[in-house]
Amino acid sequence: MDSRGERVLTSLVGDWSGGVPVFVHVKDGRIIRIRPMVFGADEAKPWSIKVGDKVFSPPRKTSPAPFDLAQRRRVYNPKRVLYPLKRVGFTPGGKGSTDNRGKGEFTRITWDEALDILVGELKRIKETYGNSAIFTIASGHGNMGQLNSHGLMRRVLNFWGGNTPMIRNPDSWEGWFWGAEHVWGFDEGVGMTSQYDLLEDTMQNSDMSVFWSHDPEKSAWMSSQDVSQWLLWMKELGKKMVFITPDLNFCAATKSDKWIPIRPGTDAALAAAIAYVWITEGSYYKDFVETHGVGFHKWKSYVMGVDDGMPKTPQWAEGITGVPARVTRALAREWASKRTHLSIKWGGASRTPYATEWARMMVYLQTMQGMGRPGVSIN
């Protein structure tokens, strides 16, 4: 307790990636402010990355996102739902009025009453119509055995006779995981973790970064401003940054050397056209593909139009993507001529129908450029 009567507590704010440490000031049982955690000289030893004669190291404080510093407003928002509510006029048993639907008129009920209504309605539907009439609406996210609605809701109902699940497209990060993991053959669930420590390699060895459908300051991890500092380092080092995205997002507007607008959902066509340039011009790592690119001949046949009679040329892609053929060729040639880091980080292209195809092609492209060489990575 300080002289102002405030207690300073430590906490974590941020998304499910783990959160960012912060100081939380509390007075009279209420949050007064949230601020970054600042470390003393003897409290934390920051890491550093050396590039040439330059040494880069983060500041001795945490960097929570702006909306995390405003969590107090969320906690005390008058619209926050704090207890169970029942729509006015609703009566369990299928006999209540529906006149108030959409009007937002609710009355407070107890937790016991809410549980009794839920259980009672489930029993009624099952006895009247059968288990197939119980429709489970879950997120498009994967089921990883976590204690959340992604998996347990269906699991419980399956023990009770079944349900009718809603099957959705892989419209979030699954577009990446469910596509790419079947190409490069590993998954976090089978003992191999993703590579999250590529910053040093990128800063030291990459010449260019391609951010494909990805605003790293907005759609990477929504938990801190660390990435903003990293991108400033990249600019200081003169690393070229190319953004492929339908919208001129904040990061593309403030950090990019080249922005390539593309029609939403057409990213796979652009990827195929880039591969076409590399194949026809021989600007890919043939030895690496020969030893590590299992099934490359099938991919090559598709790109060259052997089976469907439609070569995936930059001109072909232009009509689909809206990206001029000359831009596609220039990008493909520069990508192949430099050590290029590819950043996708579950961006927007992984959140569209058939996003798995784009995800697969991202792995194909970096494999063609010898993925794993210094500066040639994907994250």
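Computed from heavy atoms alone, side chains included, the values below leave out hydrogens, waters and symmetry copies.
- Salt bridge status for Glu334 with Lys338: present, with a side-chain N to carboxylate O gap under 4.0 Å.
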Could you give me the CA-CA distance, side-chain angles and deciding distance for Arg87 and Glu105, then say whether salt bridge (charged side-chain N to carboxylate O under 4.0 Å, His left out) is met?
CA-CA 6 Å; Arg87 190 180 297 278; Glu105 299 176 4; over 6 Å; no
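- Scanning for side chain to side chain donor-acceptor pair (under 3.5 Å) contacts around Ser343 gives His214, with sequence neighbours left out.
- With 3.5 Å as the limit, one finds a donor-acceptor pair spanning the side chains of Arg373 and Tyr285.
- The shortest heavy-atom contact between Arg35 and Leu69 is CA-CD2, 4.0 Å.
- When every heavy atom of Arg333 is checked against every heavy atom of Glu281, the shortest pair comes out as NH2-OE2, 2.7 Å.
- A salt bridge does not link Arg60 to Glu43: none of the charged side-chain nitrogens sits closer than 4.0 Å to a carboxylate oxygen.
- The shortest side-chain heavy-atom distance between Tyr76 and Ile31 falls under the 4.5 Å cut-off.
- Donor-acceptor pairing under 3.5 Å is recorded for the side chains of His341 and Asn379.
- Counting heavy atoms of neighbouring residues, nucleotides and ligands inside a 6.0 Å radius, atom NZ of Lys50 does not exceed 12 of them.
- Looking only at side-chain heavy atoms (C-beta outward), Ser213 and Ile344 stay at 4.5 Å or farther from each other.
- Of all heavy-atom pairs between Ala271 and Met362, the closest is CB-CE, 3.9 Å.
- The aromatic ring centroids of Phe296 and Tyr284 lie less than 6.0 Å from each other.
- Here the side chains of Val242 and Ile260 are in contact, with some heavy-atom distance below 4.5 Å.
- Ring pair Trp233/Phe56: centre-to-centre distance below 6.0 Å.
- Among residues two or more places apart in sequence or in another chain, the side chain to side chain donor-acceptor pair (under 3.5 Å) test is passed with Asp308 by Lys312.
- Remark: the Asn163 side chain and the Asn131 side chain contain no N/O donor-acceptor pair separated by less than 3.5 Å.
- A donor-acceptor pair shorter than 3.5 Å can be found between the side chains of Thr245 and Asp247.
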Would Asp201 and Ser377 count as a side-chain contact (heavy atoms from CB on, under 4.5 Å) here? Give the steps.
CA-CA 9 Å; Asp201 174 65; Ser377 60; 4.2 Å; yes
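- Side chain to side chain, His25 and Arg7 fail the donor-acceptor criterion of an N or O pair below 3.5 Å.
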